[in-house]
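To start, the structure under review is shown below, and the notes come after it.
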Amino acid sequence: MSIKVLKFGGTSVGSPEALRLAASIIGQELPTGGVVVVSALSGTTDQILKAVALAGKGDTNGALELLGAIEVRHRTAADALGVSRAVEEAWAPLFDRLQSLLEGMGLLWETSPKAKDAALAIGESLSANLVVALLQAEGLAARLKDAREVMRTDARHGRARPRPDLIRTACEDWKPLLAQGACLVTQGFIGACPDGSTTTLGRGGSDTSATLLGEALGAEEVQIWTDVDGVLTADPSLVPEARPIPVMSLREAAALSAFGAKVLHADSLAPVERGGFRLVVANTHRPEASRTVILASTDGQDALITSVAYKEGLVGLHFPPARDLDAVFQAASDLQDAGAARYGLLCTPEGSLLAVRPEHPDAEEVIARLKASGLRVETGLASVALVGEGLRREPGRALALLAPLERESVGGILSGGAGISVAFLVPDERLRELIPALHRRFIETKG
Ligand code: ADP
Ligand code: ASP
Ligand code: MG
């Protein structure tokens, strides 16, 4: 049995038109069944987070107003698709639950990460039920399977770590259904921890849900359907000239996403490596347009630099020179446990630099504690990474890549462990100018 997993991101299910396109892609790609992973309708996760924040300040009315807007948005989409009656039974308890959660938070003026995850999961559940109703209306044998049946994680609410071994075992129950030709629709982004409560994998985590399912089910291909024509040479919002990359190596994709390219969640490539399946990134709005195929390795003719990634909002922790590095490693490990994403760790005799993005309130707390203990903490940093398999062939050329930056305030220069990236830190505000300039120099003109 060859299994395909298709994942549709927020904008791919964000309007009736997009949902119709997604349904037609599913019909074409999964004629004999498969797995469909969906995100919440675009903007819904942000709205739920806003509602939770208001409830946490005691503003229950404000939170419920946002819930009203979420409800209207979803019902309008269902109406336009002619599936209002079909979704009602599944949706009513979800809206009720979100209301109760917000009221509870509003009453207590408290929003624990666990409660927040319970609220967030409703966005993906609403969307998954809508997609099931639409597919059934179009005659497909679609059924909802709750991701929490299989997506086992630890209990770090808000940025939970998946447990691939447990996910694989749990997925055995889904295989017979797939063998019968079922189209299983499930929520991205969410999972369940040992006490049974809902967890989330971190913002953008639906990509990781899809690749984890691909790994656990032994899929031959996972397709990430999004709003751009594949993985591009840079973020198109900063570089309108960015072009799709037709084929890229898994190492490149992993580096690009780890250094912040939002198109693939940073944790989504490890399951691809373990599972050995093909990963495809394509545009729901232009299914016939170019797409990116990510393969274990490419043919060795790769350009020096194939893409540029960046991430803002980083914090640099500066450690003084020390005989041993215990304090540095302890901070790195505490921050990782607290949910921070690590962008670089540089240890030299003149001192050490740890660059992280907090991502989770617990990590903010660890940073505040380190600062209070006298550590120099630098905020407002961004990382920039130049990525390309070609750097493995000619590692020395990494030096030349830094030459155009001589007037920049560059810090923490790192040449990545896999030998296919050069990354450095700059002040956040330099990104708008720097990323297009680097793209022009190294990609558009193949400098
Ligand atoms: P989805 O909701 O489908 O998961 P995301 O917004 O998470 O979509 O990711 C797609 C977005 O990622 C694109 O619209 C684009 O703005 C951004 N992006 C950043 N870097 C890249 C890149 N190198 N290639 C493609 N898209 C990128
Ligand atoms: N809905 C979640 C988010 O907005 C997960 C995802 O889209 O991948 O972060
Ligand atoms: Mg995404």
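Counting convention: from 1, in listed order, for ligands and their atoms alike. Note that the structure is predicted; figures quoted are calculated from it, not measured.
When the heavy-atom distances from atom 18 (N) of ligand 1 to T226, V228, D235 are ranked, the shortest goes to D235. Heavy-atom proximity to atom 22 (C) of ligand 1, evaluated over G188, G9, S307, A234, is greatest for A234.
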Residue pair L201, D267: steps toward the side-chain contact (heavy atoms from CB on, under 4.5 Å) verdict = CA-CA 9 Å; L201 302 178; D267 299 334; over 6 Å; no

Passes side-chain contact (heavy atoms from CB on, under 4.5 Å), L391 versus I305? Steps please.
-> CA-CA 7 Å; L391 276 173; I305 298 300; 3.9 Å; yes

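For K175, the side-chain hydrogen bond (donor to acceptor under 3.5 Å, both in side chains) partners are E172, not counting sequence neighbours.
Using a cut-off of 4.0 Å between Lys/Arg side-chain N and Asp/Glu carboxylate O, D337 and R161 are scored as salt-bridged. Between D229 and R286 a salt bridge is recorded (basic side-chain N to carboxylate O distance below 4.0 Å). Salt bridge E220/K4: absent, no basic N to carboxylate O contact under 4.0 Å. With respect to D146 and R148, a salt bridge is recorded, a charged nitrogen being found less than 4.0 Å from a carboxylate O. The pair R159-E359 does not meet the salt-bridge criterion, since no charged nitrogen lies less than 4.0 angstrom from a carboxylate oxygen. Taking the charged nitrogens against the carboxylate oxygens, D195 and K114 do have a contact shorter than 4.0 Å, which makes a salt bridge.
In terms of N/O distances under 3.5 Å, ligand 1 is approached by G10. An N or O contact shorter than 3.5 Å links E124 to ligand 2 by distance. Remark: ligand 1 and L232 share an N or O pair separated by less than 3.5 Å (distance only, no angle test). Taking only nitrogen or oxygen atoms, main chain and side chain alike, K7 does not reach within less than 3.5 Å of ligand 2. Taking distance alone, with nitrogen or oxygen atoms compared against 3.5 Å, S12 stays at or beyond that limit from ligand 1. Not a single N or O atom of F189, backbone or side chain, sits closer than 3.5 Å to an N or O atom of ligand 2.
Nearest protein heavy-atom contact of atom 6 (C) of ligand 2 is S206 OG, 3.3 Å. Looking from atom 26 (N) of ligand 1 to the surrounding protein, the closest heavy atom is V263 CB, 3.4 Å. Nearest to atom 6 (O) of ligand 1 among the protein's heavy atoms is K262 NZ, 3.0 Å.
The aromatic rings of H74 and F95 lie perpendicular to each other, with more than 60° between the two planes, well past the 30° mark.
A donor atom on one side chain and an acceptor atom on the other are not found under 3.5 Å apart for D117 and T198. For the 3.5 Å distance criterion, the side chains of W174 and E149 qualify, holding a donor opposite an acceptor.
Using a 4.0 angstrom heavy-atom cutoff, G10 does not count as in contact with ligand 2. For the ligand labelled ligand 1, residue G230 lies inside the 4.0 Å heavy-atom shell. Under a 4.0 angstrom heavy-atom cut-off, G123 registers as lying outside contact with ligand 2.
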Would you give me the side-chain donor-acceptor pairs under 3.5 Å for residues 121-130, sequence neighbours excluded?
residue : atom : partner : partner atom : Å
E124    : OE2  : A40     : N            : 2.9
S125    : OG   : A121    : O            : 3.2
S125    : OG   : Q187    : NE2          : 3.0
S127    : OG   : S39     : O            : 2.6
N129    : ND2  : S125    : O            : 2.9

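Under a 4.0 Å criterion applied to the non-hydrogen atoms of G204, ligand 2 contributes the atoms 3 (C), 5 (C), 6 (C), 8 (O), 9 (O). Within ligand 2, counting atoms from 1 as listed, the ones closer than 4.0 Å to a heavy atom of R203 are 3 (C), 4 (O), 9 (O). Within the listing of ligand 1, atoms 24 (N) sit less than 4.0 angstrom from a heavy atom of V231. Interface atoms of ligand 2 facing S39, defined by a heavy-atom separation under 4.0 Å, are 6 (C), 7 (O), 8 (O). The ligand atoms of ligand 2 that sit less than 4.0 angstrom from a heavy atom of T45 are 1 (N), 2 (C), 3 (C), 4 (O). Atoms of ligand 1 found under 4.0 Å from any heavy atom of K7 (numbered from 1 in listed order, with element): 4 (O). Of all atoms in ligand 1, listed by their number and element, those nearer than 4.0 Å to a heavy atom of D227 are 10 (C), 11 (C), 13 (C), 14 (O).
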